[in-house]
Amino acid sequence: MNIEEGTSLILTTCQNYEVPLDYLDRQLLIGALNGLTVEKIYLEYDLKSACTIGYLKTNRSPKFWKKLNNLFQSIGLISSVDRLGRSNIWSYTLSLQKRIQDNTLSFTYERIWDRPIPEEKSDRFKVINDSSLTRNQSKSSVPTSRELPELLEFYGREAELQQLQEWIVQEKSRIAALIGIGGVGKKSLAYKLIEEIQGNNPENAFTNIVWRSLRHAPPIQELLSDVITDICDDANVPVIKNVDRGISQLLSLLRSQRCLLVLDDWEVVLDRNRTGVYQREHSDYGELLRSVATNEHNSCCIIISREMPIEIVKKEKLANSVYRVLPLKGLDVNAASQILISRGIDPQTPKLFDLVQHYQCHPFALQIVANIVQEQFNGNIASLLRSSTVVLDDALQDLLDEQFERLQPTEIQVIYWLAIASRPVTQEQIHSWLSDQPPRSVTISTLESLRRRSLLQIVDIELANLLPAGEEPYPAIGYTLEPVVMKYVLGRFIEQICQNILSLLSTKQIERSGLLCSHSILQAESPEEIQLIQKRLLISRIRAVLGSRWFSQEVLLANCRELLQMYENSTLITLCYAVHNLQLIMDMEIS
């Protein structure tokens with residue numbers, strides 16, 4: 001038996017016994033049969049886009065082996081004291097093959113490989129009827145779900161919890177969406193909500209709670225099979241093949257008992273190119289959401305996402321909408337302070353509240369900075385704040401990387417301008433900065449797309465500085481970024497513009513000037529205090545990066561002069577910030 005045959009044998013056995021193996025499970029199986037460790041599986045099968053090495057090693061791998069171990073025990077291949085693993089999987093796979101050939105299992109070799117039994121002739125693959133769907137109504141009122149995350153700490157969010165309970169418990173809303181940037185606490189809020197409803201509202205408690213993550217974008221048939229199996233608590237539920245039939249079966253369950261379905265990481269099935277629209281292969285997820293929202297039942301589905309799906313975008317402003325949307329921002333100041341205090345920072349520490357506001361009460365960012373304050377600044381918050389920077393670690397960087405990589409070119413162009421501006425600005429200002437001067441409708445739709453992706457802060461601003469003399473100022477909508485996002489975007493901007501300069505020196509292709517040409521690193525119309533920020537956060541850091549690459553300021557100046565000469569001699573680019581930016585980099589005084 002070779003690797004392919006062994007893999008096929010185990011996969012088919014799992015399918016026959018309705019033990020679902022998703023993409024990561026299959027990679028772990030193939031790797032184990034090849035004798036690879038989890039680390040080598042992660043690297044050799046290039047799973048970086050699917051998960052982190054830590055998640056694969058500490059979460060998915062143990063779950064995979066437990067799932068396979070339970071199956072092999074249930075069919076009598078191994079005893080209850082044995083443990084399946086990489087070192088012995090081949091021996092048990094050979095035993096499985098022998099058992100099938102000897103016809104000593106509860107199915108035949110032909111059934112797996114040669115002659116699948118049609119649905120209407122097989123008891124195991126019969127269509128679920130209403131009686132089979134309702135047989136589990138007597139389950140505990142405080143159920144558990146195998147993907148329910150553990151809540152280690154929770155602070156604040158009283159208003160959000162009250163709003164969600166009003167929608168779900170009192171109004172019996174069918175869809176509630178928690179939308180927010182990564183790390184803002186969406187999962188924690190959903191978990192706390194479940195605790196509150198199940199513990200404090202026994203008359204409104206859910207009979208069943210199913211929590212599933214879409215992080216690995218399972219086909220909807222797989223998700224439906226998994227959810228229906230969990231609600232029915234029956235391993236003999238058939239694999240869903242017809243999506244409409246699967247949705248209909250799920251709706252029957254939602255009518256027959258009070259269920260809470262939590263679907264996390266919803267943005268994964270959305271298209272990167274069109275905000276809120278589904279990827280073609282996952283378009284049926286939209287139908288699932290619409291069906292749950294528009295059909296009568298007494299259950300609820302909570303969507304957790306960084307981006308709004310199109311169904312919610314269309315209905316979010318309706319007063320009687322079946323879709324309820326809770327955009328999640330940072331914590332209140334007191335709750336955010338508790339994150340620092342719980343990590344050993346004295347509540348009387350000077351500048352405690354300043355640090356919290358510096359990070360806009362972002363929970364995950366505060367967890368990170370609390371450790372940095374303790375370990376690198378000896379608990380001295382004022383010392384950290386004097387550096388005037390927002391600290392990002394690898395975990396938070398990864399979260400923001402995932403979100404940034406979904407942006408379209410126009411969105412990236414706008415978000416870079418917002419980071420450079422370092423203050424709330426109007427739609428008109430943003431439009432005037434765009435290098436290719438697109439129609440105003442493009443600017444409007446781009447800002448709306450960024451709002452749906454949870455990347456914008458929208459605030460009221462006074463237009464006093466932008467109006468003709470003598471005209472009364474009036475409030476307008478301003479757009480900006482949260483400090484954590486702004487810090488991240490500025491870092492990417494500096495890295496990219498330095499790369500543009502290095503590339504220009506080697507290729508001499510000024511038509512590929514990139515950000516050096518499309519964005520100004522100092523805006524003349526900005527207030528003086530903002531220009532000082534732009535000099536400190538942008539120009540001085542660009543010089544520092546280039547200076548470290550070229551080892552001296554003299555080489556930096558010489559290279560900038562060479563690039564200036566290239567632009568002065570070229571007729572290819574007319575509207576371009578490159579000359580202005582290079583002059584700023586050369587003229588910037590280094591303190």
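Predicted model, so just to flag it, every value in this text is computed and none were measured.
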Exercise. What are the two closest non-hydrogen atoms of V414 and L450, and how far apart are they?
Worked result: CG1-CD1, 3.8 Å

Exercise. Do NZ/NE/NH1/NH2 and the carboxylate oxygens of E267 and R406 come within less than 4.0 Å?
Worked result: no

Exercise. Do E196 and R157 sit within salt-bridge range, that is, some charged N less than 4.0 Å from a carboxylate O?
Worked result: no

Problem set entry | Smallest separation among heavy atoms of S61 and L28, with atom names | CA-CD1, 3.8 Å

For this session: Please test L400 against V484 for side-chain contact (heavy atoms from CB on, under 4.5 Å), starting from the C-alpha separation and ending with a verdict.
Result: CA-CA 9 Å; L400 295 170; V484 171; 4.1 Å; yes

Exercise. Considering all heavy atoms of both residues, which atom of N295 and which atom of S291 are nearest to each other, and what is their separation?
Worked result: ND2-O, 2.8 Å

Exercise. Are side-chain N/O atoms of Y278 and D284 paired as donor and acceptor at under 3.5 Å?
Worked result: no

Exercise. Going by atom types alone, do S432 and E428 pair a side-chain donor with an acceptor below 3.5 Å?
Worked result: no

For this session: May I ask you to test the L161-L189 pair for a side-chain heavy-atom distance under 4.5 Å?
Result: yes

Problem set entry | Salt-bridge criterion met for K192 and E195 (N-O under 4.0 Å) | yes

Exercise. Which pair of non-hydrogen atoms, one from I339 and one from P363, has the smallest distance, and what is that distance?
Worked result: CD1-CA, 3.7 Å

For this session: Might you point out which heavy atoms bring L47 and Q27 nearest each other, and give the distance in Å?
Result: CD2-CG, 4.0 Å

Exercise. So among D265, D264, D230, which one has a side-chain hydrogen bond (donor to acceptor under 3.5 Å, both in side chains) with R212?
Worked result: D230

Exercise. Is the shortest distance from a Lys or Arg side-chain nitrogen in D22 or K63 to a carboxylate oxygen in the other one below 4.0 Å?
Worked result: no

Exercise. Closest approach of W266 and P309, non-hydrogen atoms and distance?
Worked result: NE1-CB, 3.7 Å

Exercise. Is it the case that Y155 and S342 place a side-chain donor and acceptor less than 3.5 Å from each other?
Worked result: yes

Exercise. Which is it for Y191 and W211 under the ring pair (Phe, Tyr, Trp, His ring centres under 6.0 Å) test, yes or no, and what are the steps along the way?
Worked result: CA-CA 10 Å; Y191 188 100; W211 185 306; 7.0 Å; no

Problem set entry | Contact check, side chains of I231 and Q257, non-hydrogen atoms, under 4.5 Å | yes

Exercise. Is any side-chain heavy atom of I494 closer than 4.5 Å to a side-chain heavy atom of L538?
Worked result: yes

For this session: Give, for atom CG of L254 and atom SG of C301, the distance between the pair rounded to the nearest 0.5 Å.
Result: 8.5 Å

Problem set entry | SB check R453 E307 (cutoff 4.0 Å) | yes

